[in-house]
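First up is the structure itself, then whatever we jot down about it.
Keep in mind that the numbers below use all heavy atoms, side chains included, and drop hydrogens, waters and symmetry copies. Quick note: residue numbers are just sequence positions, from 1.
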Amino acid sequence: MESWRRFTQDQRIAYFSMEIGLKAEIPTYSGGLGVLAGDTIKSASDLKIPLVAVTLLYRRGYFLQHFGVDGWQQETDVSWQPEKHMQLLPTKTLVTIGQRDVKIQAWLYNVKSPTGGEVPILFLDTDIPGNEEEDRTITNHLYGGGLDLRLKQEIVLGIGGARILRTLNFDIKKYHMNEGHASLLTLELLHNARIPIEGSWNGSNSWDIKKVMEQCVFTTHTPVEAGHDRFSYDLVEQLMPPEVPINMLKDISGKENLNMTLLALSLSNYINGVAKRHGEVSKNLFPGFEIHAITNGIHPFTWCSPFFVNLFDRHLPGWANEPELLVRVDNIPDEEIWDSHCGAKAFFFQYIKEKTGKQLNPDLLTIGFARRAAAYKRGDLIFHDIDRLLEIGNGKLQFVFGGKAHPKDEEGKKVIQRIIKQAEKMSGQIEMVYLENYNMEIASNFIPGVDIWLNNPMRPLEASGTSGMKAALNGVPNFSVLDGWWIEGHIEGVTGWSIGPPPAEVDIEVGRAAEDLEDMYKKLEKIIIPLFYQNRSGWIQVMKNAIGKNAYYFNTHVMMRRYVTDAYIR
Ligand SMILES: *Cc1c(COP(=O)(O)O)cnc(C)c1O
């Protein structure tokens, strides 16, 4: 039996995502969205939830990040060999893009769990002999090129993905769109579900919208209106396959532009945001739609450092597939928690030494910050008042930073440059390292290897955030603005600390930076630094609370059970 056939025996949920991050060696992700998708799939595999995932195979990845002497980000292509990781399936499918037939092939990657569960992922690829040169490069880069390339990629993902599942004989119960990039799949479903009657749309077909809606689940991830993909109908008419009924598309996905989010919203019976607050914000953004909330998570085993894996295995056996067991973390002696943390910290500091030549002091309170360097994440906020920071933290604090800016995001690159320049001014007093090329491998050493995890985005733009959950699992408390998941996970002084005003007081952020900064400095000086140096057992209790009150709940096992009961088998 051909290898994929065993996956077509039972009904599955088809999970579509523009990016999937499984591990650093498969560079088909850029940040939180892709890592979430990978973690989702891993938990589905652990829990034996019948799923098949669909994404694109980016042969040139996202990019590798380097810094010039002036702290300006430079990018180079990634090269990797898909055939070392996955298996090319012989079956191909066709989609017409811009009047040309484009062949699509799929690579199969099987996510195997120690529980015996398996989830296949299909990585779609247009780099096939016989395709026009221009079409062979459609799937080369994640988030590269302009709008026309983006639309082509989304045609391959949505329409090509739905087609290849049919061609391979998958029996699909629900189509789950992880963000709007995949929403063209609804058009393929509509096309397949058309009812041939006279006098309706396009003359001869009626579109069974209800049937498609029953099949579709949509998760929105972006609380900023401008963050949603939009394409002009000129471009759509130029590129889209002829089967697509443009008139009805205009009815359901925006009069002026094709709004990918609106398309997915209009054709899904179950819609959710990725944290409670984000669900509320999305309701205001898209009035008229019923929007639920399922808070994101992280895959426990993937994000637990070997030091804590060892500790949890000894004290809470079974925790990796039943993370609820972490609720009993208080049974673990303080010294063992502290030793595991020091192990993770020493390991990370060794890594930093090898990469940068810098030796950080393991006894100093170390603040970590790493995520995509988008301007709204305000990575440089804490360095706004260097004199104040030195007053508070000289000899007591050090920083490790990481994160890539999108190649076209000048603002993001400026943020990185400012961080690096500010750090130079503090050198010899407060040390700061900005690690190059933040990716999943670095993240897995980085996050457990610092003492506190800083996050200060502009509200309400952090839909959920997940790196703070990775921190909590490894006993690293969060110090964060009350946005996204942290609104749900935060208990002041118990699981970590907040920065700035409570969410009820901030609708859309305008000019709250000074207030946030003041609160950040004040808490560091009066609460966090004293607790770390003068009350180690109090500090360790906060570490334990991060594990027992945050990590036991904010994980993709808990999250996937919610998707199953609320969205998949409704
Ligand atoms: C977890 C993760 C992210 C997401 O970080 P946020 O703080 O949630 O934005 C981004 N990049 C990598 C490599 C990650 O592992």
Side-chain angles (χ1 to χ4, degrees), residues 7 10-17 20-22 32-33 35-53 111-121 172-179 214-221 268-279 290-304 312 316-329 463-466 468-470 472-473 484-485 487-489 547-570:
F7 300 122
D10 46 3
Q11 266 205 330
R12 285 176 183 264
I13 308 298
Y15 181 84
F16 279 65
S17 186
I20 293 180
L22 296 164
L33 182 72
V35 175
L36 171 80
D39 285 5
T40 297
I41 294 163
K42 289 173 190 172
S43 281
S45 179
D46 290 340
L47 296 169
K48 302 186 181 169
I49 297 168
L51 205 94
V52 52
V111 177
K112 287 191 182 145
S113 162
T115 65
E118 291 183 297
V119 170
I121 305 179
I172 302 302
K173 180 180 169 64
K174 296 268 184 186
Y175 291 83
H176 184 174
M177 293 168 267
N178 186 44
E179 189 49 300
E214 278 164 8
Q215 289 178 284
C216 291
V217 171
F218 173 50
T219 303
T220 176
H221 288 263
S268 299
N269 249 0
Y270 185 89
I271 304 161
N272 71 290
V274 292
K276 293 202 168 21
R277 166 83 167 157
H278 178 234
E290 191 187 354
I291 302 184
H292 305 265
I294 298 181
T295 304
N296 280 164
I298 54 148
H299 183 251
F301 187 77
T302 299
W303 294 109
C304 194
F312 295 155
L316 307 164
W319 67 276
N321 201 37
E322 196 183 343
E324 295 90 330
L325 291 174
L326 297 171
V327 80
R328 295 213 293 265
V329 67
S464 166
T466 52
M469 304 174 188
K470 300 169 192 168
L473 176 64
W485 81 279
I487 296 174
E488 297 158 54
I547 297 166
K549 293 183 197 295
N550 287 162
Y552 93 101
Y553 180 77
F554 295 97
N555 59 71
T556 39
H557 275 52
V558 168
M559 182 196 84
M560 277 316 272
R561 291 195 171 108
R562 281 291 300 281
Y563 275 106
V564 170
T565 54
D566 293 12
Y568 297 164
I569 63 171
R570 248 158 48 106

Hey, does T295 have a side-chain heavy atom less than 4.5 Å from the side chain of M559?
-> no

Do F312 and L326 touch side chain to side chain, with heavy atoms closer than 4.5 Å?
-> yes

Please test I291 against N272 for side chain to side chain contact (heavy atoms under 4.5 Å, CB included), starting from the C-alpha separation and ending with a verdict.
-> CA-CA 5 Å; I291 302 184; N272 71 290; 5.5 Å; no

Shortest non-hydrogen contact from I20 toward A53 = CD1-CB, 4.0 Å

I569 and K173: CA distance, side-chain angles, deciding distance, side chain to side chain contact (heavy atoms under 4.5 Å, CB included) verdict | CA-CA 9 Å; I569 63 171; K173 180 180 169 64; 4.2 Å; yes

Is the shortest distance from a Lys or Arg side-chain nitrogen in R561 or E324 to a carboxylate oxygen in the other one below 4.0 Å?
-> yes

Distance col, row E322:CD vs N555:CG, nearest 0.5 angstrom, shows 11.0 Å

May I ask you to check whether over 12 heavy atoms, not counting those of E214, lie within 6.0 Å of atom CD?
-> yes

What are the two closest heavy atoms between F218 and S268, and how far apart are they?
-> CB-OG, 3.4 Å

Taking only residues two or more places apart in sequence or in another chain, which ones pass side chain to side chain donor-acceptor pair (under 3.5 Å) with Y15?
-> N178

Take V217 and N269, measure what side chain to side chain contact (heavy atoms under 4.5 Å, CB included) needs, and give me the verdict at the end.
-> CA-CA 6 Å; V217 171; N269 249 0; over 6 Å; no

Does any non-hydrogen side-chain atom of Q215 lie less than 4.5 Å from one of I172?
-> no

Do the side chains of C304 and W319 get nearer than 4.5 Å, heavy atoms only?
-> yes

Mark yes when over 12 heavy atoms from residues, nucleotides or ligands other than K549 sit less than 6.0 Å from its NZ; otherwise mark no.
-> no

Could you pull out all residues at least two apart from W485 that satisfy side chain to side chain donor-acceptor pair (under 3.5 Å)?
-> none

Please check if the side chain of K470 supplies one atom and the backbone of P300 the other of a donor-acceptor pair under 3.5 Å.
-> no

Say you draw a straight line from CD1 of I294 to OG1 of T219; how long is it, rounded to the nearest 0.5 Å?
-> 7.0 Å

Any side-chain heavy-atom pair of Y175 and F16 under 4.5 Å | yes

CD1-CH2 distance between I298 and W303, expressed to the nearest 0.5 angstrom = 8.5 Å

Identify all side-chain donor-acceptor contacts of residues 44-52 below 3.5 Å with residues at least two apart in sequence or on another chain.
| residue | atom | partner | partner atom | Å |
| --- | --- | --- | --- | --- |
| S45 | OG | V111 | O | 2.9 |
| S45 | OG | S113 | N | 3.4 |
| S45 | OG | G117 | O | 3.1 |
| D46 | OD1 | S113 | OG | 2.7 |
| D46 | OD2 | H299 | NE2 | 2.7 |
| K48 | NZ | T115 | O | 3.1 |

Pairing residues for T556 by the side chain to side chain donor-acceptor pair (under 3.5 Å) criterion, not counting sequence neighbours | S43

Are L473 and I547 side-chain neighbours, meaning at least one heavy-atom pair lies under 4.5 Å?
-> no

Least distance between heavy atoms, A320 atom then H557 atom | O-NE2, 3.7 Å

Taking C-beta and beyond as the side chain, do T40 and M560 meet within less than 4.5 Å on heavy atoms?
-> yes

Note: E488 and A275 closest approach over all heavy atoms is OE2-CB, 3.5 Å

Quick one: SG on C216 to CE on M177, what's the gap to the nearest 0.5 Å?
-> 4.0 Å

Taking the side chain as every heavy atom from C-beta outward, state whether M469 and S464 have any pair of such atoms under 4.5 Å apart.
-> yes

How would you list, by chain and number, every residue that makes a ring pair (Phe, Tyr, Trp, His ring centres under 6.0 Å) with Y563, sequence neighbours excluded?
-> H176

Where G297 and D39 come nearest, the two heavy atoms and their spacing | O-OD2, 4.5 Å

Sub-3.5 Å donor-acceptor pair from the side chain of R12 to the main-chain atoms of F7, do we have one?
-> yes

Please confirm whether the backbone N or O of L33 pairs with a side-chain atom of E179, one donor and one acceptor, at under 3.5 Å?
-> no

Quick one: ring pair (Phe, Tyr, Trp, His ring centres under 6.0 Å) partners of F301, sequence neighbours excluded?
-> none

